[in-house]
Amino acid sequence: MRRDFLKLCGLAGLGVAAPVAIPGLGFAAEEARSASANPDAFEGPYYVVFNASGGWDTTYLMDPKGTDGINRLYGNGDIQTRGQLKFAPNAAHMEAGAGMSNEDFFAEFGSELLVVNGLDYSVNNHSPCARYMATGHLDSLAYPTFAALVAACRGPQCPLAYLTFGNYSNTGNLVPMSRIPYLPSLQRVANADSVEGQQRSPYHDDFVLDRIERTLKAQTDARLSRQVLPRVERAESMLYAAQINSKALQRVTPYIPAEIPKARLAQQVEIALASFKAGVCVSANLTIGQFDSHANNDKDQMKLIPEFLAGIAHLMRRAEALKIRDRLVVVIQSEMGRTPQYNKGNGKDHWSIGSVMFMGKGIQGNRVIGATDEKQFCVPVDPATLATNAEKGVRLRPEHIHGALRELAGITDHRLSAQFPYTVPATERLQGLWG
């Protein structure tokens, strides 16, 4: 039965596992055994990272520029404001039914948004930029994404601790990577002891499942008192973990929506929220692509930005309905921006300066940190005051942001974080970024 469960995960392209006693996994064997034996519901905070994969045009969103031909859809006098935030108007230019306009998005969420402009990615190639933005380290392939690190630090016992739907997703070998691309797949995983995930068609009666669980626990307890080969220990641990995880995953079922959303991000959001609400997930890495608008920049961005914002809005509204909105931490990012000039194909190429947005638990909104000048070059920031200072400030880079994210999550001093340090001088640590 457990072999069938694990086989199902493999066939569906899923990664579902709990911490087990595997050397080098990143946590001690005793901690792993304890976590597997106590699959309590994780109660948050829950971390969501939205990725606009390919490189968004920030001048059509949170860093508007209406001068020098940087855009062709609005002028300097058309730039909109909401509190302290400035944004590009796009309601009149987006495709019909494409999603949510900037005007509506900032009206609904502006009071919660922290915008950081003028982020320096140092390079402008997709792979290193995506890795840099996801991990805070440009030159290493070993560093985990923030979503993976916080999952390993805060909820390694969760069956779906780290969900990812694409983009750069490295785990640093700290936590299993879980991929559940479709809601029907989540239904099947949540009810692995039932035919096609249907609760009304169980493979075994409750008393049989109880007998299986007690037998596996007895075997695990007996193993702790004797010496066994590492391969045997691993196999027995995985078998027991599959049993415990299968039981914990059943908590997801009540939160799977009856209707599957049509929008790409909305489907990912529903899988993440159901897993959060059930207490089996810590973080989710969400993504949609095609932002790489080398041709027809304006048309592409006016289609994709509204779709992207609609997905974020769906997360916040559904989280409110599930009564977990106040436990969300949301990161909204892309791996690069677009050039301030158009190419011959009416597109924009890669630009190593961009922006990132945040909202959620512990984050004070209605604020803008950093800036770009009239030519879309970054303006340095004083780390102590967060005010722009072109002469004495520092260029904001992803490692500055990731250091602050670790502080927000309370994992700066965690032993797993210590395995992946940043070389940011103490004088460059951002003070009061979250308000």
Side-chain angles (χ1 to χ4, degrees), residues 50-80 86-106 115 117-119 121 123-130 132-133 165-168 262-268 286-314 332-357 372-378:
F50 282 95
N51 296 282
S53 183
W56 55 11
D57 188 342
T58 56
T59 67
Y60 279 137
L61 188 52
M62 77 297 278
D63 190 20
K65 304 291 180 187
T67 58
D68 298 327
I70 289 180
N71 83 85
R72 297 172 176 173
L73 297 182
Y74 65 89
N76 203 46
D78 300 320
I79 292 174
Q80 303 289 301
K86 293 182 178 181
F87 60 91
N90 73 345
H93 305 289
M94 55 186 279
E95 293 186 4
M100 189 176 197
S101 69
N102 291 348
E103 289 89 332
D104 289 342
F105 181 79
F106 282 90
V115 174
N117 288 324
L119 192 63
Y121 304 110
V123 294
N124 66 354
N125 291 326
H126 289 295
S127 293
C129 281
Y132 197 12
M133 198 61 204
F165 296 87
N167 208 58
Y168 191 79
K262 294 182 179 179
R264 293 180 291 174
L265 269 181
Q267 293 181 44
Q268 297 176 28
L286 280 54
T287 185
I288 59 171
Q290 301 173 310
F291 278 86
D292 198 18
S293 49
H294 289 284
N296 298 314
N297 178 79
D298 295 355
K299 180 180 179 180
D300 289 349
Q301 297 289 331
M302 287 304 98
K303 176 182 178 181
L304 291 166
I305 288 176
E307 179 186 2
F308 194 63
L309 298 184
I312 299 166
H314 187 81
I332 306 164
Q333 64 186 32
S334 184
E335 74 265 29
M336 63 178 69
R338 313 307 303 181
T339 52
Q341 67 278 341
Y342 289 81
N343 59 33
K344 293 181 179 180
N346 295 317
K348 289 186 176 183
D349 301 316
H350 300 173
W351 190 243
S352 61
I353 307 299
S355 303
V356 59
M357 300 190 292
T372 57
D373 62 19
E374 67 279 1
K375 295 184 178 181
Q376 210 177 330
F377 289 97
C378 76

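This chain uses plain numbering: 1 for the first residue, then up along the sequence. Everything quoted here is computed from the prediction, not taken from an experiment. Because only heavy atoms are used, hydrogens play no part in the values below, and waters and symmetry mates are left out as well, while side chains stay in.
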>> Please give me the minimum heavy-atom distance between Ile312 and Phe105, naming the atom from each residue.
In response: CG2-CE1, 3.9 Å

>> Determine whether a donor-acceptor pair (N or O, by modelled atom type, separation under 3.5 Å) exists between the side chain of Trp56 and the backbone of Leu61.
In response: no

>> So, using ring pair (Phe, Tyr, Trp, His ring centres under 6.0 Å) as the criterion, who are the partners of Tyr132 when residues are at least two apart?
In response: none

> Mind checking what makes ring pair (Phe, Tyr, Trp, His ring centres under 6.0 Å) contact with His93, not counting sequence neighbours?
Replying inline: none

> Any Lys/Arg nitrogen of Lys348 or Asp292 sitting under 4.0 Å from an Asp/Glu carboxylate oxygen of the other?
Replying inline: no

> If you take all heavy atoms of Met357 and Phe106, which pair is closest and at what distance?
Replying inline: SD-CZ, 4.4 Å

> Any sub-3.5 Å donor-acceptor pair from Asn71's side-chain atoms to Lys65's backbone N or O?
Replying inline: yes

>> According to salt bridge (charged side-chain N to carboxylate O under 4.0 Å, His left out), does anything in residues 89-103 pair up with another residue at least two apart or in another chain? List the pairs.
In response: none

> By side-chain hydrogen bond (donor to acceptor under 3.5 Å, both in side chains), which residues pair with Asn51, not counting sequence neighbours?
Replying inline: Asn167, Asn285, Gln333

> Among all residues two or more places apart in sequence or in another chain, which pass the side-chain contact (heavy atoms from CB on, under 4.5 Å) test with Ala130?
Replying inline: Tyr168, Glu335

> Does any N or O in the side chain of Asn343 come within less than 3.5 Å of the main-chain N or O of Gly347, such that one atom is a donor and the other an acceptor?
Replying inline: yes

> For Phe165, what residues pass the ring pair (Phe, Tyr, Trp, His ring centres under 6.0 Å) criterion, not counting sequence neighbours?
Replying inline: none

